[in-house]
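Keep in mind the model is a prediction, meaning the values are calculated, not measured. Only heavy atoms go into these numbers, but all of them, side chains included; no hydrogens, no water, no symmetry mates.
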Amino acid sequence: MQLTQLATQLRQTLGIAQKQDIQLAAQYLPSSTEQTIRLGDDCAAIRQGDRYLLLAAEGLLPHLVTAEPWFAGWCAVMVNVSDIYAMGGEPIAVVDTLWSPSKAAGQALWQGMQAAAQAYHVPIVGGHTNCHSDYTALSVAILGQAEHLITSFDAQPGDVLLMAIDLRGQPYKQYPFWNAATMADPQRLQGDLALLPQIAAAGWCRAGKDISMGGVLGTALMLLETSGCGAVIDLDKIPQPANMDLLAWLQHFPSFGFLLAVQPAHVEQVCAAFAGRGLVCGAIGQVDASPALKVRLRSAQCQRQSGSETVVLWDWTEQPLMGFR
């Protein structure tokens, strides 16, 4: 596949299209310059004395809730926990909002949430339950805290983009979800995530996000938009499982995956920290001062005779993504 064709398909993926839905919220929320809590991050970071309270929420895709209720319950907790750690924090507790047509219809959702809450050692402390609904729906909110933040706003030109991921997994059925969590040892899961606040406390990373439904490139778009930067990403440097198509992998949402903008002086330390726990971490690109995210692919994959091909994946002078730039 030619790189221009690949970029066109990526721009049209559902994961990136859903990020553009955030523009609706951006229209109604005050800009980050008008309030002390900046908008567009994985969590709202609310200053409380010498630390930050972290507040976030996630809604689950309706078809996943209906077709895979246990897994949807697990994911509802997992994605919120990931948001907290992505900002250098630690989770405190979660609450849920559950709508279902009967108590029986909500059982598997609750079982999945409880399984994830135990695996990540985060209690479910309340919420809202209605078992007389015409439909089934689930959302979960989380509270956490951090002393040293990793944010979406502080990437700078010259930073190296690192992708950290757990490849000790497999796709979950037919869904674009890389599952390295549901069968993993809970202590390993907790220890792996604990790397993020450790890296933040060491001062090795100032900007980053967890890799979400938009895949690593959609996540990069969000990070760069809120930081007001651009970047070049080398697609052939992106860690991926063996025998998986590149386009498919770029749309996958991993159970453990983070994109970090790191100063060159700290790249070696950050990569070594992840490698020490059996996780893959490597440089996939560099932040620059341009208004665009460009992707590059070397000759073996872009079907050229020599060198590499570079195309613009997204140009913020032409269209916003979330609307927070």
Side-chain angles (χ1 to χ4, degrees), residues 41-46 48 51-61 64-65 68-99 106-129 137-152 164-166 168-169 172 177-201 208-213 219 253-258 273-274 277 279:
D41 222 328
D42 285 317
C43 305
I46 306 164
Q48 293 285 299
R51 64 187 55 225
Y52 296 86
L53 291 179
L54 303 177
L55 186 62
E58 296 280 354
L60 274 291
L61 292 172
L64 185 66
V65 170
E68 299 284 346
W70 185 95
F71 187 63
W74 171 282
C75 287
V77 173
M78 181 271 295
V79 295
N80 276 285
V81 168
S82 184
D83 281 343
I84 295 291
Y85 279 105
M87 292 193 63
E90 297 176 341
I92 296 173
V94 301
V95 295
D96 71 282
T97 302
L98 173 64
W99 297 80
Q107 293 287 344
L109 287 165
W110 261 108
Q111 290 166 2
M113 285 192 292
Q114 287 282 33
Q118 293 171 8
Y120 291 106
H121 195 57
V122 183
I124 301 173
V125 297
H128 171 88
T129 302
L138 176 66
S139 65
V140 168
I142 192 166
L143 179 68
Q145 61 183 348
E147 294 184 20
H148 307 277
L149 285 179
I150 297 173
T151 81
S152 295
I165 190 165
D166 189 351
R168 298 166 294 190
Y172 183 81
F177 179 81
W178 182 256
N179 179 22
T182 58
M183 301 301 292
D185 176 71
Q187 289 189 343
R188 194 194 87 193
L189 293 177
Q190 295 166 34
D192 290 349
L193 287 167
L195 287 175
L196 278 302
Q198 293 168 15
I199 288 169
K209 294 183 76 70
D210 69 330
I211 299 173
S212 63
M213 290 294 292
T219 301
F253 174 24
S255 59
F256 181 102
F258 298 89
F274 286 104
R277 293 196 59 85
L279 300 162

Applying side-chain contact (heavy atoms from CB on, under 4.5 Å), run through S139 and D96 and close with a yes or a no.
CA-CA 6 Å; S139 65; D96 71 282; over 6 Å; no

F274 and L195, any side-chain heavy atoms less than 4.5 Å apart
yes

One should read off an interatomic distance between Q198 CD and H148 NE2, to the nearest 0.5 angstrom, of 12.0 Å

So, for A200 and G88, which heavy atoms are closest and what is the spacing to 0.1 Å?
CB-CA, 4.2 Å

Measure centre to centre between the rings of F71 and F177, then say whether the value is under 6.0 Å.
yes

Heavy atoms only: give me the nearest A115-W70 pair and the separation to one decimal.
CB-CZ2, 3.7 Å

Using only atom types and a distance under 3.5 Å, with no angle test, would you say the side chain of D166 pairs donor to acceptor with the backbone of R168?
yes

Is any side-chain heavy atom of I150 closer than 4.5 Å to one of L196?
yes

Please tell me if the side chains of L109 and V65 come closer than 4.5 Å, counting only heavy atoms from C-beta onward.
yes

Tell me whether T219 contacts the main-chain N or O of S212 through its side chain, where contact means a donor paired with an acceptor under 3.5 Å.
yes

Atom pair CE/CD of M113 and Q118 - distance to nearest 0.5 Å:
12.0 Å

Atom CG of L55 and atom CD of Q145: how far apart are they, to the nearest 0.5 Å?
13.0 Å

Side chains of S82 and F256: does their closest heavy-atom pair fall under 4.5 Å?
no

Heavy-atom distance under 4.5 Å between the side chains of P91 and Y120, does that happen here?
no

Find the distance between OG1 (T182) and CG (L189) and round it off to the nearest 0.5 Å.
9.0 Å

Would the distance check show the side chain of D41 and the main-chain N or O of T151 forming a donor-acceptor pair, the cut-off being under 3.5 Å?
no

Mind running side-chain hydrogen bond (donor to acceptor under 3.5 Å, both in side chains) on E147 and Y52 for me, showing each step along the way?
CA-CA 6 Å; E147 294 184 20; Y52 296 86; over 6 Å; no

Quick check against the 3.5 Å criterion: does Q190 have a side-chain atom that pairs as donor or acceptor with the backbone of A119?
yes

Would you give the length of the straight line joining atom CG of L60 to atom CD of E68, rounded to the nearest 0.5 angstrom?
12.0 Å

Note: G89 and P197 closest approach over all heavy atoms is O-CG, 3.9 Å

d(I165 CD1, S255 OG) to nearest 0.5 Å is 8.0 Å

Is there a donor-acceptor contact under 3.5 Å from the side chain of N80 to the main chain of D83?
no

Show the nearest heavy-atom pair for residues A93 and V122, with the distance to one decimal.
CA-CG1, 3.9 Å

State whether the side chain of D42 and the backbone N or O of M87 hold a donor-acceptor pair below 3.5 Å, judged by distance alone.
no

With a 4.5 Å cut-off on side-chain heavy atoms, are L143 and L54 touching?
no

Side chains of L193 and F258, heavy atoms from C-beta outward: is any pair under 4.5 Å?
yes

Are the side chains of L138 and T97 in touch, meaning some heavy atoms are under 4.5 Å apart?
no

